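One structure below.
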Amino acid sequence: MTPFSRSRISLLLISILWRIQLLTAQNNDQLIMVALKQQLGISVWSSNDSSYCSWEGVRCNSDLSSVEMLELSNRIIGGNITLISELKALKWLDLSNNKLQGPIPSSFGNLIQLEFLDLSLNTFESPIPPELGKLKNLRSLNLSNNYLVSNIPDELKNLEKLQDLQVSGNQLKGSIPSWIGNFTNLRAFAAYENELSGKIPNNLGSLSGLRLLKIHSNLLEGPIPESIFSSGKLEVLVLTMNKLVGNLPLSVGNCKGLSNLRIGDNKLTGSIPNSVGNISSLTYFEADNNNLSGEVVREFARCHNLTLLNLAFNGFTGTIPPEFGELTNLQELILSGNSLIGEIPDSLLKCKNLSKLDLSINRLNGTLPSELCKAPKLQFLLVSQNSLRGEIPSEIGNCGKLLELQLGNNYLTGNIPPEIGQIKNLQIALNLSFNHLHGSLPSELGKLDKLVALDISSNQLSGSIPSALKGMLSLIEVNFSHNSLTGQVPVFGPFLKSPNSSFYGNKGLCGEPLGISCGNSFDSDQTYHHKVSYKIILAVIGSGLAVFVSVSIIVFLFMMREKQEMAAKSEEIAEEKNPDPALIIAGNVFVENLKQAIDFDSVVKATLKESNKLHSGTFSSTYKAVMPSGLILSVKRLNSIDRTVIHHQNKMIRELERLSKLCHDHLVRPLGFVIYEESAILLHNYLPNGTLAQRLRVSTVAERDFEPDWPTRLSIAIGVAEGLAFLHHVAIIHLDISTSNVILDSNLKPLLGEIEISKLLDPSKGTASISAVAGSFGYIPPEYAYTMQVTAPGNVYSYGVVLLEILTTRSPVDESFGEGIDLVKWVHTAPERGDTPEQILDSRLSTVSFAWRKQMLAALKVALLCTETTPAKRPKMKKVVELLQEVK
């Protein structure tokens, strides 16, 4: 055999061996993928074994021999994923936002080609496997929002190519490892919402490429290292809600690209360095709730992109820099809770985008600027608890966008300007209390038909309460106390429901809320004959009136009956002539087997009849809709204030479709939607057992059997907590948690509703102010009053109120608690009153057995934790679930 022949044979053998190896690898990945399809239940994957490289979310190499990418996020998959570690060529693995649980497979450490690994938004419960340290090609590792415990393992220090490390939203303990400072390629490190302690490593400053550092909501101590600003490349720094001490380093000015700097809720001291003015990209600066001092630095005025500046509750002194008027992009300026003096600078009113101005709880003097409303977008003007003098300028009526006006606890004089009645959008609060206002109440206040809270107490106001105030149809809280008002309190629902104390201190007032009759009295003997004459005359007039009223009522009833019959006939005729109540723009049913059973025209018609209304909420009204097929639906029409969402139909439809795939036993999922004209309707299953609020608010003895017993209530509490924990797990913050939004199925299993509203109308995105109160009264967390932001800790507070309702069967707001006291305050102050647990808990349940009482007391402790005043002290919802399961 010639050398040439031998060479050809060798090449042939190599080719055959290569083909065998290729075929083996291909067959191996093929078997793995088929097995994974069965284990994970991924329905979109084809059963055609030979085409696995074309399956959705799968990408193979150029030879179609090996799987290089698995993109399986948001598939609602569970099961054993260990087999994935056999895909040896895998470079990209994304399993985020699924239902995976148990430990993270340590065998993933064998995927040595892996460059991207995302296991976030699952329910993995284990330490971080140290074997992941073998993934030396890894560039991105995201393990956020799981239940991971223990320390960050030292083995991860071998991931030298790492650019993105995210471990937030877990239960990690220990310190931030110093070896993270050795990751020279690291651009982003996020470890917030854990239980990390110790100091921030000094050597993080050696990370020349670090752009994002978010380690807030931990237990970190010590100073902010000056070194982290040394590279000058940092763009986002969030250190809030820790225990950091010391100053904000002068070197912060090196980071000209820093757009987001949040250091609030710590124990920082000293002044803010003037170098902050060098940060030309600064957009958000928050340093509230610290012990900072000195003057508010004027150099902030050089940060022309500044949108939010929050320095509340520190020890700042001096005046408000007039240079802040140059911040044309400024939306929120929050300087409350300091010791600032001087006047409110007129220049601030040049900030054309200013939405919130909070200068309350300071020592400001001078007068209110007459041109307050030059800021065209001003929605929140909060200047209470200062030393402002002079009159309220009549120009206040030009503040057409105002939602809240707080002027209480000052030295304001003069009359209440009637022009306030022109602020038609005013809805959260009008507070003029504790001033020196005099004169009569302007009847124009009655035009504020959206206003929820009115406080004019502790002034020198005189005259009567105008009957025109009956036009304030949205009022819930009023306070007229400690003035010189006279006459009868108008017979008006919000006034009659207010506690007596709302009218105390007005010697001339009378009427039902005060329990004082407004009738005249004649005590002199000289008037005896007049009294007799008046009685005779009144008796005659009364008899005549009685006859007249009786006849009038009979005639009125006949007229009403005839009118109703005619209206009913007109409605029937109208429906026959025009079966389409409105032009339907779009609609879809997400559940395939219900598409034939749901008629969109019938859905729209149902929402046009008040008789179909089940209840109204903050953001929507719910109706019962019977389809021609016999199917009964619960349909939710968005309130008028929310119709702007219609102008973003594509986004709305995508969100609804995604939410319809959320799989959890305790969430109400949308079945579909209908868009017509300027309205949106969301479709749900009809649940005849109503809401938790209805179950807890029985009014007659006959309805007592309608109430759930304690084991049922505890199961409901756990179910709601699990549903809410899941929402937080998938990064959804609920907007309106209340017992009215907990729906009960036929087995009294709770389902949390209004999920779509929370996603479609999320006001927490960005820093723009909210145009409506997010949540139901009595459930809104205290911090919302000054942050106007809906947060996860705020959700925990609202849930705590629901849990207190379950335990006490009391309403969140009840006049029996006393003035200014809601259910939370009533329960928290029980020890001060000397109340026993039985006086708080529903004694019909707590006295049934010792076991029930013990469980109720344990659940009460959980409710108290959830309703802590300080958000940082509230547990996360996943912890709440654990605590309640321990109770059970």
Side-chain angles (χ1 to χ4, degrees), residues 163-166 168 185-190 192 200 204-216 224-240 244 247-266 268 270-288 290 292 295-312 314 320-335 347-348 350-357 377 764-769 787 789:
Q163 298 176 7
D164 183 5
L165 175 58
Q166 299 185 50
S168 304
N185 297 308
L186 197 66
R187 296 174 58 86
F189 176 53
Y192 56 88
I200 302 172
L204 288 184
S206 62
L207 299 174
S208 59
L210 191 64
R211 301 290 191 275
L212 179 146
L213 179 60
K214 297 175 71 173
I215 48 178
H216 59 89
I224 300 173
E226 189 166 354
S227 60
I228 64 174
F229 304 110
S230 59
S231 71
K233 300 292 180 63
L234 207 58
E235 296 174 2
V236 175
L237 176 63
V238 186
L239 305 175
T240 52
L244 301 175
N247 301 342
L248 177 63
L250 180 66
S251 58
V252 67
N254 295 340
C255 300
K256 295 182 179 180
L258 188 60
S259 64
N260 191 329
L261 176 55
R262 301 176 190 261
I263 53 175
D265 289 284
N266 280 289
L268 299 173
S271 58
I272 294 175
N274 295 340
S275 62
V276 74
N278 298 333
I279 311 175
S280 55
S281 298
L282 193 61
T283 305
Y284 308 115
F285 186 94
E286 287 183 334
D288 54 310
N290 279 290
L292 297 169
E295 294 192 353
V296 177
V297 295
R298 302 172 185 272
E299 282 74 11
F300 274 118
R302 290 162 46 196
C303 304
H304 297 295
N305 292 311
L306 200 60
T307 300
L308 169 68
L309 177 58
N310 184 354
L311 305 177
N314 280 286
I320 300 171
E323 292 88 345
F324 282 6
E326 301 169 13
L327 294 170
T328 55
N329 292 307
L330 191 64
Q331 293 182 21
E332 297 191 17
L333 177 60
I334 306 172
L335 303 176
S347 60
L348 277 183
K350 297 177 183 178
C351 298
K352 61 182 181 181
N353 288 302
L354 191 63
S355 171
K356 182 174 184 177
L357 179 60
K377 297 182 180 180
S764 63
K765 294 176 179 176
T767 60
S769 299
T787 65
Q789 292 181 339

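If you're wondering where the values come from, they're calculated on a predicted model, not measured in any experiment.
- The backbone N or O of Y284 sits nowhere less than 3.5 Å from a side-chain atom of T307 that would complete a donor-acceptor pair.
- Looking only at distances, no side-chain donor or acceptor of S355 sits under 3.5 Å from a matching main-chain atom of N353.
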Report task. Would you check, one step at a time, whether the test side-chain contact (heavy atoms from CB on, under 4.5 Å) holds for I263 with L248? Result -> CA-CA 9 Å; I263 53 175; L248 177 63; 4.2 Å; yes
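- Side-chain atoms of S168 come within 3.5 Å of backbone atoms of A190 as a donor-acceptor pair (strictly under, hydrogens ignored).
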Report task. Take F285 and V276, measure what side-chain contact (heavy atoms from CB on, under 4.5 Å) needs, and give me the verdict at the end. Result -> CA-CA 10 Å; F285 186 94; V276 74; 4.2 Å; yes
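- In terms of modelled atom types and a separation under 3.5 Å, the side chain of N314 and the main chain of A312 share a donor-acceptor contact.
- Under the 4.5 Å side-chain criterion, counting only non-hydrogen atoms from C-beta, F324 is in contact with V296.
- In terms of modelled atom types and a separation under 3.5 Å, the side chain of S275 and the main chain of L250 share a donor-acceptor contact.
- The backbone N or O of F229 sits nowhere less than 3.5 Å from a side-chain atom of S251 that would complete a donor-acceptor pair.
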Query raised in the report: Going through the distances and angles, do L239 and I200 end up as a side-chain contact (heavy atoms from CB on, under 4.5 Å)?
Result: CA-CA 10 Å; L239 305 175; I200 302 172; 4.2 Å; yes
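- Using a 4.5 Å cut-off on side-chain heavy atoms (C-beta onward), P273 and V252 make contact.
- In this pair, H216 and Y192 present their aromatic rings parallel. The plane angle is below 30°, not in the 30 to 60° band.
- Residues D288 and I334 fail the side-chain proximity criterion, which asks for heavy atoms closer than 4.5 Å.
- In this structure, CG on L327 lies 10.0 Å from CG on N305, to the nearest 0.5 angstrom.
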Requested in this report: Give the intermediate values and the outcome of side-chain contact (heavy atoms from CB on, under 4.5 Å) for residues K352 and K377.
Outcome: CA-CA 7 Å; K352 61 182 181 181; K377 297 182 180 180; over 6 Å; no
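- Note that the SG atom of C351 and the CG atom of L333 stand 8.0 Å from one another [nearest 0.5 Å].
- Heavy-atom minimum distance, R262 versus E286: NH1-OE1, 2.8 Å.
- In terms of heavy-atom proximity, I224 sits nearest to P249 at O-CG, 3.4 Å.
- To the nearest 0.5 Å, atom OG1 of residue T283 and atom CG of residue L261 are 11.0 Å apart.
- The structure places CG of L354 at 11.0 Å from NZ of K356, a figure rounded to the nearest 0.5 Å.
- The two atoms that bring L330 and E332 nearest to each other are CD1-O, 3.7 Å, heavy atoms only.
- The minimum heavy-atom distance linking L212 with L210 is given by the pair O-CD1, 3.7 Å.
- Annotation for L204 and I228: closest pair CB-CG2, 3.8 Å, computed over non-hydrogen atoms.
- A donor-acceptor pair shorter than 3.5 Å can be found between the side chains of R302 and N278.
- Side chain of N274 to backbone of E299: no donor-acceptor contact under 3.5 angstrom is found.
- For the atom pair OG of S208 and NZ of K233, the computed distance is 6.0 Å after rounding to the nearest 0.5 Å.
- Closest heavy-atom contact between L258 and I279: O-CG2, 3.1 Å.
- To the nearest 0.5 Å, the span separating OG on S259 from CZ on R211 amounts to 12.0 Å.
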